[in-house]
Asks: 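Have a look at this one before I ask anything.
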Amino acid sequence: MNVWLEKQRHLIDFTLASLARRKTKNLGLLLVYTLLVAVLASLTLFTNALRSEAAYVLAGSPEVILQRMVAGRHDLIPPGYFDKIGRIRGVQKKEGRLWGYYYDPVLKANYTFMARPAEEVADGSIMVGATLARERGLAPHNTISFRSYSGKLFAFEVASVLSPDSELLSADLILLSENDFRAFFEYPAGHYTDIALSVANPQEVRNVAAKLSEALPDSRPILREEVLRTYQSIFDWREGIMLTVLAGAIFAFSILAWEKAAGLSAEEKREIGILKAIGWETGDVIRMKMWEGLLISLSAFLLGLVAAYIHVFYLGAAVFEPVLKGWAVLYPRFALIPAVDGLQIATLFFFTVFPYTAAVLVPIWRAAITDPDSVMR
Amino acid sequence: MIELTQIKKAFNQGRPNEYWALNGIDLSLERGKVTAFCGPSGSGKTTLLTLVGCLSRPTSGRVRFKGEDISGLPERFLTDIRRQSFGFVFQQFNLIKGLSALENVILPGFPTGRPRAELIAAAHILFEQLKLTHRANARVEWLSGGEQQRVAIARALINNPEVIIADEPTANLDTVLSREFMAILEGFTAAGKTVLLTSHDPLVVESTAVHRVIGMRDGCLVDA
């Protein structure tokens, strides 16, 4: 065992010395390789973090949201609709929600107005999202006026600015009391925008949705898992777009790597002949070259992964942000929570390290099985 | 120690450019002696040494080394014998550029799994014997022809082989360096090593360090 280990150490020593001898060529290759891994890993880490973020954010949202449909469009929940739902086994809580959109010509952006119980927000005051507060220059105790859709002017005092921790959800949010909401939008009494239902057992969610559809044929239950799936599809789609854009670069690198790995120079062939003549076995030569391929590809993979981690989680993924994060007038500031998916990293490892190492071995095999007497001729 | 029986060696056998380099060699080589093969280019000297040194196999005939038939052994076993029993000094020295003299010398020791420290210590002893200590860490391409040859000799000796094979060892050396090489050669025989070399340099062939001269022409042995 010791002899075997010592042999591997010798082979790695020789490989490192060989790599150092062709410093410029190998460093250039390592740089391009690392860059490619960094770009691909950034993409993977970023989209995965966004997916995790979406899942994290949606974790606190209701399991089922019930909307009423009229002619295929979302309509208000009329009075008495609650009674039609009745008691459904598994539903812990049901709550009518009031929310709507308001276009602010000052910022040329849409805000989301949402009613909260009187104990949370008093009449005449509002709570605003951090992005909105930043863009409009609002601070607690400031007063702000909005002209409603009926043309009336409403003035509100800012009670507080919502925590930046929730900025991803509350970027454009304004919370106000139910009375103010109904007055501002002239919302008819007893009507709601939709109904939020809490279901404790995740296994029961689909059954609850089925019962709701049966009891209220004009309703549309929206499940939290469906919302999450939609988000994930959007991120997958954006990742796909980026990959398509990067396909050219990946292809160019593949050619470069194959050329480097598969083509042996006359000098390298001569060296293999010398090594065999002085007592190296074919297996030793192949192992040495395998170490060379592994050292380059593994270093590139690890360096690329670390660079990607720094790029995504410390530098805010500046390269991909515009494409992957999407666009909005009220753009929230948020830091991604580091989330690494082992399977994705393993896939990236497989598709970057293995092909290169394999490409190294094919020509070496051909060179290593040549007769050692070639150096004497 | 080494016996050759009806050795024939063909290159490109069965093709239009088929060439027979050796045509039935019968030869016995003694232990602890210096044997020189001389003859014109293409006479088969180098091919004969590659067969004896386990670098290649004969097309027909038998090679016996210390009584064992090695002519039919698979490559792996031949490599093993070559590594343990033979040291090579090539005509062009065949050192690996970019590596230091020391790194070149310890290379044949890598497949044996000997610890690096042990190999380096052995290399330093050889450098001392060959008066090359001051050049141990110099890259081989910076060395003179004579120094390069001494590095090649040290590399041939690192695994302490019984037989040293040198192909035209003085072809790239001037007279002074050639004489130095012959002095080193005498040291080998004093250490009990068997030396086989090819040369058509009179300085080698006529040297007192050489015990036996074997002439070759057209793949056959002739009187020297």
Side-chain angles (χ1 to χ4, degrees), chain A residues 1-27 264-292 364-377, chain B residues 9 11 21 45-51 53-57 75-100 103-119 139 141 152 155-156 158-159 161 165 167-168 198:
Chain A
M1 189 64 184
N2 276 346
V3 170
W4 185 87
L5 279 178
E6 200 64 46
K7 266 176 81 168
Q8 300 310 308
R9 225 190 103 192
H10 287 320
L11 290 178
I12 294 171
D13 279 351
F14 182 75
T15 304
L16 287 173
S18 287
L19 290 173
R21 278 186 296 145
R22 300 177 185 99
K23 217 177 290 170
T24 319
K25 190 178 166 191
N26 287 317
L27 276 179
L264 272 184
S265 67
E267 182 69 16
E268 282 173 297
K269 281 184 191 155
R270 182 181 155 269
E271 283 181 15
I272 289 171
I274 295 171
L275 292 173
K276 286 199 74 180
I278 62 173
W280 283 43
E281 284 175 24
T282 303
D284 294 328
V285 174
I286 291 171
R287 270 191 288 275
M288 182 265 285
K289 281 288 166 183
M290 205 181 75
W291 277 118
E292 188 179 311
I364 286 301
W365 174 257
R366 280 207 303 266
I369 55 170
T370 54
D371 286 336
D373 64 335
S374 57
V375 287
M376 294 275 272
R377 286 191 220 130
Chain B
K9 177 72 178 178
F11 291 104
K45 308 183 296 285
T46 302
T47 305
L48 189 67
L49 287 195
T50 61
L51 294 175
C54 301
L55 286 169
S56 64
R57 277 175 287 225
E75 196 212 312
R76 207 171 150 218
F77 293 95
L78 281 182
T79 305
D80 212 30
I81 295 171
R82 183 164 74 239
R83 189 191 306 135
Q84 286 172 11
S85 307
F86 295 94
F88 295 89
V89 181
F90 304 104
Q91 185 177 349
Q92 303 293 336
F93 311 135
N94 281 336
L95 299 172
I96 293 186
K97 285 181 196 161
L99 295 184
S100 69
E103 285 166 328
N104 263 281
V105 168
I106 61 176
L107 273 182
F110 284 2
T112 63
R114 278 164 74 190
R116 193 180 172 84
E118 192 184 313
L119 287 171
R139 283 162 69 153
E141 59 267 33
R155 185 179 66 183
I158 192 75
N159 285 342
I165 292 179
D167 186 29
E168 302 281 358
T198 65

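Side chains are part of it too, since the values below use all heavy atoms of this structure and drop only hydrogens, waters and symmetry mates. Here is how names work: the chains are called A, B, and so on, in the same order as the sequence lines, proteins then strands, and each is numbered from 1.
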Asks: I'd like to verify something: which residue of B:R83, B:R155, B:R114 has the highest number of heavy-atom pairs under 4.5 Å with chain A?
Replies: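 Of the candidates given, the most pairs with chain A belong to B:R83.
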Asks: Is it the side chain or the backbone of B:R82 that comes within 4.5 Å of chain A heavy atoms, both, or neither?
Replies: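 Side chain only.
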Asks: Relative to chain B, which segment of A:R22 carries a heavy atom at a distance below 4.5 Å: side chain, backbone, both, or neither?
Replies: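 Contact with chain B: none, neither part.
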Asks: Supply the atom-to-atom distance A:R270 CZ to B:N94 CG, rounded to the nearest 0.5 angstrom.
Replies: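 If we round to the nearest 0.5 Å, A:R270:CZ and B:N94:CG are 5.0 Å apart.
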Asks: Go through B:A156, B:P111, B:G53, B:G98 and name the one with the most non-hydrogen pairs under 4.5 angstrom from chain A.
Replies: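 Maximum pair count with chain A is reached by B:P111.
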Asks: Specify whether A:H10 and B:F110 have parallel, tilted or perpendicular ring planes, treating 30° as the upper limit for parallel and 60° as the lower limit for perpendicular.
Replies: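 Parallel: the ring planes of A:H10 and B:F110 meet at under 30°.
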Asks: Could you tell me if the side chain of B:L119 sits less than 4.5 Å from the side chain of A:E6, heavy atoms only?
Replies: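 No, too far: nothing below the 4.5 Å cut-off.
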Asks: Could you tell me which of B:T47, B:T112, B:T79 has the largest number of non-hydrogen atom pairs under 4.5 Å with chain A?
Replies: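 Max contact count across the listed options: B:T79.
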Asks: Return the NZ to CG distance between A:K276 and B:L55, rounded to the nearest 0.5 Å.
Replies: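 So the NZ of A:K276 and the CG of B:L55 are separated by 10.0 Å.
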Asks: Is the backbone of B:K97 close enough, under 3.5 Å, to the side chain of A:R21 for a donor and an acceptor to pair up by distance?
Replies: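 Between the backbone of B:K97 and the side chain of A:R21 there is a qualifying donor-acceptor contact (under 3.5 Å).
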Asks: Identify which part of B:E75 has an atom lying under 4.5 Å from any heavy atom of chain A, answering side chain, backbone, both or neither.
Replies: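 Side chain only.
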Asks: Give, for atom CD1 of B:I158 and atom CD1 of A:I278, the distance between the pair rounded to the nearest 0.5 Å.
Replies: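 Between atom CD1 of B:I158 and atom CD1 of A:I278 there are 10.5 Å.
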